[in-house]
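Here is the structure we will look at.
Every chain is numbered from 1, with letters handed out A, B, ... down the list of sequences.
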2 protein chains.
Amino acid sequence: MNTKRVLTDRDSAVPALAEAFREHGFEGASLATLSKTTGLGKGSLYNFFPGGKAEMMDAVLEDIDRWFSEMIFSPLEHTVDPTSAVTSMMQEVAAYFRSGRRVCLVGSLGLNTAGEAFKDRVAAYFARWISALAKCLEAGKIPPVLAAHLAEDTICTIQGAIVLARGLGEEATFTRIIERQRAILLQSVARDRKISRFDG
Amino acid sequence: MNTKRVLTDRDSAVPALAEAFREHGFEGASLATLSKTTGLGKGSLYNFFPGGKAEMMDAVLEDIDRWFSEMIFSPLEHTVDPTSAVTSMMQEVAAYFRSGRRVCLVGSLGLNTAGEAFKDRVAAYFARWISALAKCLEAGKIPPVLAAHLAEDTICTIQGAIVLARGLGEEATFTRIIERQRAILLQSVARDRKISRFDG
DNA sequence: TTGCAGTTGTACCGATCAGTACACGTTAGC
DNA sequence: GCTAACGTGTACTGATCGGTACAACTGCAA
């Protein structure tokens, strides 16, 4: 079917677009760049994405959202084993961000005015991530307020680790920080609420 | 003296340039933008910064470096009172980044290829900040390894808090995270090393 | 008043930008 | 093999990019 093939080609271009946007930013990624990295001519690009760069970024964000929903958010929200859910989240995240070599596109979109058109989507991404993790921690018997703080701190730490590792040019930094945060989370869940503890 | 006036005008343009770079990024800040925000015509801009945008960014980074050296790094490195040094650092940082509304230019430079020309400076900024804080914590009798981890975590948290607060569009997020991190640092210093503790 | 260094607005450069138009394959249905 | 729709390369648009050239203006010193 033609329709099928169109969608297939369009979809298969999205990962390359995502990588280009990550590396150069939304403004910095020119159509020439996007054309080169996708292997599609300008004509094809505008055939698949009539809305231009904005529609390409939209498609990329939708793809990211789908991936995170399936691999990160849903498992956290529906787990019955918080310890393994946390472990697997940290593992997936480290792999996804290539130990800090890969930038978080959503995070970087929030940093400058170029991403203003996508700010609702950016906010939704972070909000969902934090609430999904908090829900998982609550399932591990952590009181709601502390769970919310731990979740917030964790997403914050992941984003900070990317910035820091990129800035220092050392992925070891990323690995170290993530590992410590993982330990904090597991320790909190494992403690099993025997002791009511300071929660800021 | 004329020379004096030249330098004064050049220097007085730097904060406006910094704000423009922060808001639009290095590539996103066009000469038209820079001209408007500084109030200087293109002619004046190139008179003061013959090297163009790159020299403007260099001047901005130098200014940032000077400010951080004086207000953040030096106090941390030479303090005799770690508790108040940490408190004042967190306070200065929160004010500087406007509770997360203001982006960390150095951090955002590290995120995409546009900032590649400045990567040594970016790396030096983070390295110095971490080592200055670690030194301060060591002065508070925290063992070197733990101090290094705490310092790394803290700078990571600050950067992450900016990303998260910008992404969510909520400066309360920034304030909360910073406050918790401040508590962790003060608690570590105050404990005064009575108990040897897990340090990741 | 004259001269001069420092400063500034403006016109201009070639390159590149995002986006459009369209003609040329290519392929599928018949 | 014919046709028609789909996919794609290419040439083009006007706007804007970073950067240059330079003439006009400024204020100060003699």
Side-chain angles (χ1 to χ4, degrees), chain A residues 1-61 105 109 112-118, chain B residues 1-61 105 109 112-118:
Chain A
M1 222 63 80
N2 279 333
T3 318
K4 187 66 188 299
R5 194 167 129 241
V6 171
L7 286 179
T8 302
D9 280 14
R10 186 192 137 116
D11 284 0
S12 72
V14 169
L17 292 173
E19 225 51 52
F21 283 135
R22 258 186 270 269
E23 209 53 34
H24 303 97
F26 182 62
E27 305 211 46
S30 69
L31 280 175
T33 304
L34 299 174
S35 174
K36 194 186 299 174
T37 65
T38 56
L40 295 173
K42 217 190 278 194
S44 308
L45 239 29
Y46 271 88
N47 182 36
F48 294 137
F49 307 93
K53 276 173 78 172
E55 190 173 338
M56 298 180 208
M57 180 59 94
D58 256 333
V60 166
L61 289 178
L105 180 56
L109 267 184
N112 53 37
T113 50
E116 210 154 281
F118 311 99
Chain B
M1 222 58 83
N2 279 334
T3 317
K4 185 67 187 299
R5 195 167 128 240
V6 171
L7 287 179
T8 301
D9 280 13
R10 186 192 139 116
D11 283 0
S12 73
V14 169
L17 291 173
E19 225 51 53
F21 282 135
R22 258 186 271 268
E23 209 53 33
H24 304 96
F26 182 63
E27 304 210 46
S30 69
L31 281 176
T33 304
L34 299 174
S35 175
K36 194 186 297 174
T37 65
T38 56
L40 295 173
K42 218 191 276 195
S44 308
L45 240 29
Y46 271 87
N47 181 35
F48 294 138
F49 307 94
K53 275 174 77 172
E55 190 174 339
M56 297 179 209
M57 180 58 95
D58 256 333
V60 166
L61 289 177
L105 180 57
L109 266 184
N112 52 37
T113 50
E116 209 154 283
F118 311 99

Using whole Å, report how far [atom1] of [X] lies from [atom2] of [N].
X       : N      : atom1 : atom2 : result
A/Met57 : C/dA18 : CE    : P     : 13 Å
B/Asp9  : C/dA5  : CG    : P     : 19 Å
B/Glu55 : D/dT20 : CD    : C1'   : 15 Å
A/His24 : C/dC17 : NE2   : P     : 11 Å
A/Phe48 : D/dG9  : CZ    : C1'   : 14 Å

Between A/Asn112 and B/Glu23, is any pair of side-chain heavy atoms under 4.5 Å apart?
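They are not in contact (no side-chain heavy atoms under 4.5 Å apart), so the answer is no.
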Do A/Phe49 and A/Leu17 have side chains that get closer than 4.5 Å, going by heavy atoms?
yes
As a test of reading the structure: which of D/dT8, D/dG19, C/dA18 is closest to the side chain of A/Asn47, going by heavy atoms?
D/dT8
Whether the side chain of [X] engages the backbone of [Y] through a donor-acceptor N/O pair (distance < 3.5 Å, no angle test) should be reported.
X       : Y       : value
A/Lys53 : A/Ala29 : yes
A/Thr38 : A/Ala13 : no
B/Thr37 : B/Ala20 : no

Taking the inter-plane angle between the rings of B/Phe26 and B/Phe118 on a 0 to 90° scale, is it parallel (under 30°), tilted (30 to 60°) or perpendicular (over 60°)?
perpendicular
Quick one: CZ on A/Arg10 to CG on A/Leu45, what's the gap to the nearest 0.5 Å?
10.5 Å
Can you give me the closest heavy-atom contact between A/Glu55 and A/Phe48, atom names plus distance?
OE2-O, 4.0 Å
Looking at residues 26-46 of chain A, who's got a heavy atom less than 4.0 Å off DNA chain D?
A/Gly41, A/Gly43, A/Ser44
Using five base pairs at each end, measure the axis-to-axis angle across the helix from C/dT1-D/dA30 to C/dC30-D/dG1 and round it to 10 degrees.
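Angle reported: 0°, given to the nearest ten degrees.
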